[in-house]
Amino acid sequence: MSKGQSGLGKSTLVNTLFKSQVSRKASSWNREEKIPKTVEIKAIGHVIEEGGVKMKLTVIDTPGFGDQINNENCWEPIEKYINEQYEKFLKEEVNIARKKRIPDTRVHCCLYFISPTGHSLRPLDLEFMKHLSKVVNIIPVIAKADTMTLEEKSEFKQRVRKELEVNGIEFYPQKEFDEDLEDKTENDKIRQESMPFAVVGSDKEYQVNGKRVLGRKTPWGIIEVENLNHCEFALLRDFVIRTHLQDLKEVTHNIHYETYRAKRLNDNGGLPPGEGLLGNVLPPVPATPCPTAE
Amino acid sequence: MVGGLGPRPPPGRAGECALGRRGADWLPGAAGGAGQRRRGGPLTRSPPPASRRLSPPPRPRARPARPPPAATMSTGLRYKSKLATPEDKQDIDKQYVGFATLPNQVHRKSVKKGFDFTLMVAGESGLGKSTLVHSLFLTDLYKDRKLLSAEERISQTVEILKHTVDIEEKGVKLKLTIVDTPGFGDAVNNTECWKPITDYVDQQFEQYFRDESGLNRKNIQDNRVHCCLYFISPFGHGLRPVDVGFMKALHEKVNIVPLIAKADCLVPSEIRKLKERIREEIDKFGIHVYQFPECDSDEDEDFKQQDRELKESAPFAVIGSNTVVEAKGQRVRGRLYPWGIVEVENQAHCDFVKLRNMLIRTHMHDLKDVTCDVHYENYRAHCIQQMTSKLTQDSRMESPIPILPLPTPDAETEKLIRMKDEELRRMQEMLQRMKQQMQDQ
């Protein structure tokens, strides 16, 4: 899921990440389309394949987030959507005749795009992340990082990290879920030094030093997306896809989903009746105290 | 020919030089204008552009300094300065009255008095407003600024901060006031976040109105806002609702110059698209931004071309920088990136030079004129209309000088005022009676 104000390059970045047109760009909007009045949720599913491995990728975009004059509670539609997906999964799980592979529409990762003001996080960013870091894995990303010089970038990142810490916002990879020492050191390094990743996205290719690279051509130079000296896109890609993809799914399933499930069980005092062959004849399953996730 | 068209410039090199040099320098931003002639000044009159609401007095056209050979002078009449030959000199003497030195005199007085200019900068935090102001005026007004963290900003309201600095260039003094609006557009709920700003602008107008209607008018301080630079974020797809709301609230009160901030994150094609989009939206929402005045039809092609380019590049895409970097062996003001150096003063990189020329070197006086003649007059007319309707309601004695309405008097003060009025009336009646008694005696 990609979140953030419009114009921060979310669609371009997602396209660049997966090297295919998986996200419809806002500039292809009809000219008459205005900024949507409420936050919409648009989910587009694709199946991509690499090396014989197929992956069903769903990109969820949220146009209209943070664009209005009054942005209070603009995260509510998003929280609702995420909880709905958990609810769907829960219902399937509780079913008597449940499918072997439950279709998993839960949100595994949320990329939150921070505007590169150079000063600090905006109040809206803080509010959103506070609310949503409890239900989904949030990866903060600094958008359009070609707007900052190297010193500004490192200062800004430090400030953002500090603010996130001060406000108790646990972004992925969360400290409390590190399983062993090896994970911890690796994740610590990522947390202290690289995150939030300062990225630049592009879907155009240019010729640099005889190679064709993805980049942006400005009158003063070409910004190469995959060049680590220019931006951290390669780090983000490796992090999300090559090393931590499975972990993202596991944390979502084992922790966020279980938290939701526990809450539901405790709230209602019982699970919703399963839609079995006998329909509503069976009484609801009584709540058994289940071990809560650490 | 006396008093008619075509009086010649005064003979003798001293007069010419003085007029030429002074005439060029005194108009704001004539850095490097020494020895160069200038056309236009406060005394020229050119036809007003049609887009103004009130028909203002015709506005003069200030131009950037031109190279010496094509010398022209002001007072609305075009004449070529020629090196006076001996025979010409006698003719000239006969026809010369001497008021062609008026610009010279005006210039001297103005330089002594000094100029003032109030500039307001508005836009979300982090768009580079202070950096741009620094780059424009080469003075650091924000040395002791403390940047707030995000949670401190949650409860912050929009403030109005004024910084005044006196700068001098070639003997010309400028009292520059920058009005900053920290907190604008930063909160989660930004409804009416422009209200403190409109209130401030109205306050300045009201202050000036009172001063103008007062008894002692010698030293009126002009704190009216002459120009507002509005910073549009380059990260959006055009104007945001906050931008539209702000501009609509202020376009009839202040000259708004929209700018695209931090333009170094956009490639040229993106800048073009964004500018088009913003221009369309400005038209669509009916926002009246500051319009550059039309140039006269007898200006030369070069100047007209410049003017056209200026109009086509609005809104300007700007970049600011506080640092000086080395580029191609030269020290330039710019930003150093791993992939290249952005030069602030390079026209191919951004429109900073155009903005600076427009704001300081050619249109500063025009901005002040439009503020005085159009925005202020509209405010004044509106104010007086309100007062006359109030006066007819109260049926008070008409006075030649309009009595200003007190700002939001509450019930108690109104009662007090009424009591005092009654007292005054009683005392006046007593005085009348006493006078009559004395007359009778």
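A, B, ... follow the sequence lines: proteins, then strands. Residue 1 opens every chain.
Atom CD of Q330(B) has 12 or fewer heavy atoms from other residues, nucleotides or ligands within 6.0 Å. Heavy atoms from other residues, nucleotides or ligands lying under 6.0 Å from NZ of K195(B) number 12 at most.
Heavy atoms closer than 4.5 Å to chain A are found in the backbone of L336(B), but not in its side chain. Residue contact with chain B, scored on non-hydrogen atoms closer than 4.5 Å, involves the side chain of S115(A) exclusively. Residue contact with chain B, scored on non-hydrogen atoms closer than 4.5 Å, involves the side chain of E152(A) exclusively. Within the 4.5 angstrom heavy-atom criterion, only backbone atoms of I222(A) (N, CA, C, O) approach chain B.
For R356(B), the salt bridge (Lys or Arg N to Asp or Glu O under 4.0 Å) partners at least two apart in sequence or on another chain are E345(B). K157(A) meets the salt bridge (Lys or Arg N to Asp or Glu O under 4.0 Å) test with E232(A); sequence neighbours excluded.
Ranking V342(B), T191(B), V242(B), N346(B) against chain A, the residue ahead of the rest is V342(B), based on heavy-atom pairs under 4.5 Å. Options K162(A), K144(A), K217(A), M148(A) differ in how many heavy-atom pairs under 4.5 Å they form with chain B, and the most are formed by M148(A). The candidate from N227(A), D146(A), D125(A) with the greatest count of non-hydrogen atom pairs under 4.5 Å with chain B is D146(A). Of all the listed residues (V200(A), T218(A), I223(A), L150(A)), the one sharing the greatest number of non-hydrogen pairs under 4.5 Å with chain B is I223(A).
The structure places OG1 of T149(A) at 12.0 Å from CD1 of I341(B), a figure rounded to the nearest 0.5 Å.
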Determine all donor-acceptor pairs shorter than 3.5 Å in which one atom belongs to a side chain in residues 256-272 of chain B; sequence neighbours excluded.
| from | atom 1 | to | atom 2 | distance (Å) |
| --- | --- | --- | --- | --- |
| K262(B) | NZ | P116(A) | O | 3.4 |
| K262(B) | NZ | T117(A) | O | 2.9 |
| K262(B) | NZ | G126(B) | O | 2.8 |
| D264(B) | OD2 | R335(B) | NE | 3.0 |
| D264(B) | OD2 | Y337(B) | OH | 2.5 |
| E270(B) | OE1 | R216(A) | NH2 | 2.9 |
| E270(B) | OE1 | V267(B) | N | 3.1 |
| E270(B) | OE2 | R216(A) | NH1 | 3.0 |

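Nearest heavy-atom pair, H230(A) versus W339(B), reported as atom, atom and distance to 0.1 Å: O-CZ3, 3.4 Å.
Chain A is approached within less than 4.5 Å, heavy atom to heavy atom, by A348(B), H349(B) from residues 347-355 of chain B, ordered by number.
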